[in-house]
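This report concerns only the one structure given below.
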Amino acid sequence: MHPDTREVAEHMREFGLNVIARAIYDVTFAEFSRPFAHALAVIHAAHGAEIVLKARIAEEHPLLIFKKLPQSSSTEESLTIAELFEFGRSVDYDDLPELLWATTGIRIERRDRYQEFGRLRNKIMHFAVPEMDHSHEVLSFCIEVLEPLVFAFWQESAVPLAAHWDEVILSDGYLDDQLTAHVIDVPLHVRQILDEAKES
């Protein structure tokens with residue numbers, strides 16, 4: 001295996017956390033002048049979830065996230081990232097909870113909600129945007145399902161990254177207000193981030 005493939009997990013972790021943060025940012029503010037922003041955030045949140053789960057699995061070994069690998073006939077050298085991009089196929093969203101458990105021993109506590117959110121993403125991507133409160137769905141998924149996992153993986157959070165687009169989301173309490181309005185169960189580490197941001 002080419003040494004460059006070992007950098008996959010770190011890149012995926014950083015990218016996945018930023019994708020989740022963008023979803024949080026998009027649903028914290030109204031859709032005024034941003035049509036379908038909340039529905040698009042469903043897609044971002046599910047995509048971010050898929051990436052961070054794969055990042056954690058890839059820390060065990062990068063090839064574990066692939067269900068189809070390139071053949072040795074495709075190169076004379078060691079397997080490269082370029083060949084993985086071209087010929088590899090990664091594991092699907094629905095199969096990641098079992099793969100995560102098998103490779104790391106970590107279970108997704110709210111697995112039913114993880115799978116249900118994946119189905120919502122598929123409806124939006126492949127059929128139509130259902131009439132519902134997408135903001136609530138995204139905040140609930142990101143804060144109640146993903147944040148405990150991200151903290152368990154790396155003692156990190158995607159929440160501070162949401163301030164990259166506008167710091168007032170944390171400093172002026174907009175996200176905190178939305179979490180309260182939607183009656184979201186906020187993990188302790190997220191509560192500390194929100195409180196510290198408002199105090200600074």
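Quick caveat: nothing in here was measured; it's all calculated off a predicted structure.
Using a 4.5 Å cut-off on side-chain heavy atoms (C-beta onward), F153 and L53 make contact. Looking at E31 and H134, their side chains never come closer than 4.5 Å, going by heavy atoms from C-beta outward. In this structure, the side chains of E109 and V145 stay at 4.5 Å or more apart for every pair of heavy atoms. Side-chain contact between R22 and L161 is absent, with no heavy-atom pair separated by less than 4.5 Å. Side-chain contact between Y114 and L96: present, with at least one pair of heavy atoms (C-beta onward) separated by less than 4.5 Å. The shortest distance between side-chain heavy atoms of V42 and V27 does not fall below 4.5 Å. With contacts defined as side-chain heavy-atom distances shorter than 4.5 Å, the pair T104/L100 qualifies. Side-chain contact between L149 and I106 is present, with heavy atoms from C-beta onward closer than 4.5 Å.
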Going through the distances and angles, do E116 and D112 end up as a side chain to side chain contact (heavy atoms under 4.5 Å, CB included)?
-> CA-CA 6 Å; E116 184 179 314; D112 289 348; 5.8 Å; no
Kindly indicate, with the supporting measurements, whether the criterion side chain to side chain contact (heavy atoms under 4.5 Å, CB included) is fulfilled by T180 and V186.
-> CA-CA 9 Å; T180 300; V186 179; over 6 Å; no
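Using modelled atom types, one side-chain atom of R34 and one backbone atom of D26 make a donor-acceptor pair closer than 3.5 Å. Checking side-chain atoms of E147 against main-chain N and O of A158 turns up a donor-acceptor pair under 3.5 Å. A donor-acceptor pair under 3.5 Å is absent between the side-chain atoms of H182 and the main chain of I184, judged by distance alone. In this structure a side-chain-to-backbone donor-acceptor pair under 3.5 Å is missing from D172 to Y174.
Atom NE2 in H164 sits 12.5 Å away from atom CG in D166 (nearest 0.5 Å). Within the model, atoms CD1 of I124 and CE of M132 stand 7.5 Å from one another, a figure rounded to the nearest 0.5 Å. Taken to the nearest 0.5 Å, the CD1 atom of I57 stands 7.5 Å off from the CG atom of L64. Separation of atoms NZ (K54) and CD (E50) is listed at 4.0 Å; rounding is to 0.5 Å. Note that OG of S157 is 7.0 Å distant from CD1 of I143, once rounded to the nearest 0.5 Å. Going from atom CG of D176 over to atom NZ of K198 covers 3.5 Å, rounded to the nearest 0.5 Å.
Within a 6.0 Å sphere centred on CD of E14, heavy atoms belonging to other residues, nucleotides or ligands number 12 at most. Within a 6.0 Å sphere centred on CH2 of W154, other residues, nucleotides and ligands contribute more than 12 heavy atoms. For R191, the CZ atom counts as densely surrounded, since its 6.0 Å shell holds more than 12 non-hydrogen atoms of other residues, nucleotides or ligands. The number of heavy-atom neighbours closer than 6.0 Å to CZ of F151, taken from other residues, nucleotides and ligands shown, is above 12.
Aromatic ring pairs are classed by plane angle as parallel below 30°, tilted from 30° to 60° and perpendicular above 60°; the pair F141 and F117 is parallel.
Under a 4.0 Å N-O distance rule, the pair E98/R111 qualifies as a salt bridge. A salt bridge links E156 with R13; the closest basic N to acidic carboxylate O contact falls under 4.0 Å.
Of all non-hydrogen atoms in T103 and L99, the two that sit nearest each other are OG1-O, 2.7 Å. Between L170 and A163, the shortest heavy-atom distance links the atoms CD1-CB, 4.0 Å. The two residues H189 and P148 have their closest heavy-atom pair at CE1-N, 4.4 Å. Between I24 and A162, the shortest heavy-atom contact is CG2-CB, 4.5 Å. Closest heavy-atom contact between L17 and V52: N-CG1, 3.8 Å. The minimum heavy-atom distance between V168 and S171, with the atom names listed, is CA-OG, 3.3 Å.
Screening residues 36-55 for ring pair (Phe, Tyr, Trp, His ring centres under 6.0 Å), with sequence neighbours left out, gives no hits.
Residues I193 and W165 are members of one and the same hydrophobic cluster, defined by side-chain heavy-atom contacts under 4.5 angstrom among Ile, Leu, Val, Met, Phe, Trp and Tyr. Hydrophobic clustering keeps I65 apart from W101 (ILVMFWY residues linked when any side-chain heavy atoms are closer than 4.5 Å, directly or through intermediates).
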